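One-based numbering along the sequence shown. Just follow the structure's listing: the first ligand is 1, and inside any ligand the first atom is 1. These figures come from a predicted structure and were not determined experimentally.
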Amino acid sequence: MSLSTAMHPKPARGCFITLEGIEGAGKSTHIAALSALLCSMGIGVVTTREPGGSPIAERIRALLLDSSNTGMDETAELLLMFAARAEHLSKTIRPALESGAWVLCDRFTDATYAYQGGGRGLNPERIALLETLVQGDLRPDLTLLFDLEPALGLERARGRGTADRFESETLHFFDAVRAVYLERAHASPERYRLIDAAAPLSDVGEQADQALRALIETRRGETADASGEGEHL
Ligand code: Z5A
């Protein structure tokens, strides 16, 4: 070990947590409370979103959501999602994780499998190829899946006014999106926590809070084991 490493040990990589679900499931509503919980425990946190989360990625987001961009080619849409993600990873997510901060991200690649794979019908093997190209082996440590009937989610989301390019899709589209989310959650239960997002706001917040506390406890145990010391993260 070099002297500088000994004096300034590299911080443990932060945890990467994603929030997923269909429109109106409550992700944006609950992310602030989850961030406050981490801060209250002395954990540095970066909250971000996809598509977007860095200057160029936000410009790509504007293209993707603009409802006047009718008839966008589905493969172009897929590639734009991953172009935004590559920027977001290099400018925001990886630097934050490497500094030891925890990242709370409103949507990530599960959304691509659900929307472009389930909703648009693109081949998930192609999505997996792009996932490896753009992310290498980086995957979320925990994904909170806010699950509810699409009709209820759309009713909540559409109460807000003008629909963007995705919000204008049909109920059939959102049923397919939800089905892929649930399939993925059932296939990897160690990564996902299923949240009943149809419940009242306070119950949903409590479910999300518990899932995050469980991860914090696990991480504390691992850190204490690795250092043979106290509980810092
Ligand atoms: N997209 C994609 O296709 N592929 C990808 O790879 C990625 C994304 C990354 C981004 O839009 C779009 O990009 C997204 C998928 C696509 N579009 N869709 N659909 P966005 O970021 O603008 O949209 P969103 O992520 O779906 O955000 P949202 O509609 O705001 O949903 P939300 O964040 O889950 O919901 P919310 O804003 O927290 O709540 C909505 C309303 O419901 C609000 O008034 C709340 O007060 C209310 N609410 C929430 N929970 C409750 C409960 N439990 N009870 C009562 N009322 C509630």
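The protein heavy atom nearest to atom 30 (O) of ligand 1 is R160 NH1, 2.6 Å. Counting protein heavy atoms only, atom 14 (C) of ligand 1 is closest to R107 NE, 3.6 Å. The protein heavy atom nearest to atom 47 (C) of ligand 1 is R156 CD, 4.1 Å. Distance from atom 23 (O) of ligand 1 to its nearest protein heavy atom, with residue and atom name: E23 OE2, 3.4 Å. Distance from atom 34 (O) of ligand 1 to its nearest protein heavy atom, with residue and atom name: K27 NZ, 2.6 Å. Protein heavy atom at the shortest distance from atom 33 (O) of ligand 1 is S28 OG, 2.4 Å. Among protein heavy atoms, the minimum distance from atom 2 (C) of ligand 1 is reached at M81 CE, 3.2 Å. Looking at atom 36 (P) of ligand 1, its nearest protein heavy atom turns out to be T29 OG1, 3.4 Å.
With sequence neighbours left out, the side-chain hydrogen bond (donor to acceptor under 3.5 Å, both in side chains) criterion links R126 to no other residue.
The closest approach between any non-hydrogen atom of A199 and ligand 1 is below 4.0 Å. Heavy atoms of G153 stay at 4.0 angstrom or farther from ligand 1. Contact analysis puts G24 in contact with ligand 1, with a non-hydrogen atom separation below 4.0 angstrom. Heavy atoms of H30 stay at 4.0 angstrom or farther from ligand 1. Residue contact annotation: E77 has no non-hydrogen atom under 4.0 Å from ligand 1. Look at F174 and you'll find a heavy atom under 4.0 Å from some atom of ligand 1.
Residue contacts with ligand 1 for E50 involve both N, CA, C or O and side-chain atoms from C-beta outward (heavy atoms, distance under 4.0 Å). By the criterion of a heavy-atom distance under 4.0 Å, the side chain of R85, and not its backbone, is placed next to ligand 1. Neither the backbone nor the side chain of E169 has a heavy atom within less than 4.0 Å of ligand 1.
The protein does not reach atom 44 (O) of ligand 1 closely, with no heavy atom under 4.0 angstrom from it.
With a 4.5 Å cut-off on side-chain heavy atoms, L97 and L138 count as touching. Side-chain contact between L63 and R165 is absent, with no heavy-atom pair separated by less than 4.5 Å. The side-chain heavy atoms of Y192 and Y181, taken from C-beta on, include no pair separated by under 4.5 Å. A 4.5 Å side-chain heavy-atom check between I216 and L38 finds at least one atom pair inside the cut-off. With contacts defined as side-chain heavy-atom distances shorter than 4.5 Å, the pair H88/R49 does not qualify. Side-chain contact between E23 and R156 is absent, with no heavy-atom pair separated by less than 4.5 Å.
Of all atoms in ligand 1, numbered sequentially from 1 with element shown, those under 4.0 Å from a heavy atom of R61 are 20 (P), 21 (O), 22 (O). Distances below 4.0 Å separate heavy atoms of T112 from the following atoms of ligand 1: 5 (C), 6 (O). Atom numbering of ligand 1 starts at 1 in the shown order; those under 4.0 Å from a heavy atom of A197 are 53 (N). Residue contact check: A25 has heavy atoms under 4.0 Å from atoms 32 (P), 34 (O), 35 (O) of ligand 1. Per-residue contacts place A111 under 4.0 angstrom from the following atoms of ligand 1 (heavy atoms of the residue considered): 4 (N), 5 (C), 6 (O), 7 (C), 9 (C). In summary, the atoms of ligand 1 found under 4.0 Å from a heavy atom of Q116, numbered by their order in the structure, are 2 (C), 3 (O), 4 (N), 5 (C), 6 (O).
For the side-chain contact (heavy atoms from CB on, under 4.5 Å) criterion with T109, the lone passing option out of E20, Q135, R139 is Q135. With E50 as the fixed residue, the salt bridge (charged side-chain N to carboxylate O under 4.0 Å, His left out) test singles out one of R61, R85, K27: R85.
By the 30° and 60° cut-offs, the orientation of the rings of F173 relative to Y115 is tilted.
A cation-pi contact links R184 to Y113, judged by a cut-off of 6.0 Å to the six-membered ring centre and 45° from its axis.
At a cut-off of 3.5 Å, with distance as the only test, a side-chain donor of T143 or R191 sits close to an acceptor on the other residue.
When L65, I195, L201 are checked for heavy-atom proximity to atom 12 (C) of ligand 1, L65 turns out nearest. Nearest residue to atom 15 (C) of ligand 1 from Y115, F108, F82, Y113 is Y115 (criterion: closest heavy atom).
For the atom pair CD1 of I17 and CG of L34, the computed distance is 8.0 Å after rounding to the nearest 0.5 Å.
Geometrically, ligand 1 and G26 share a nitrogen or oxygen pair separated by less than 3.5 Å.
Contact check on D147 versus R193 returns no salt bridge, with no Lys/Arg side-chain nitrogen under 4.0 Å from an Asp/Glu carboxylate oxygen. The residues E77 and R120 are annotated as salt-bridged, a charged nitrogen and a carboxylate oxygen being separated by less than 4.0 angstrom.
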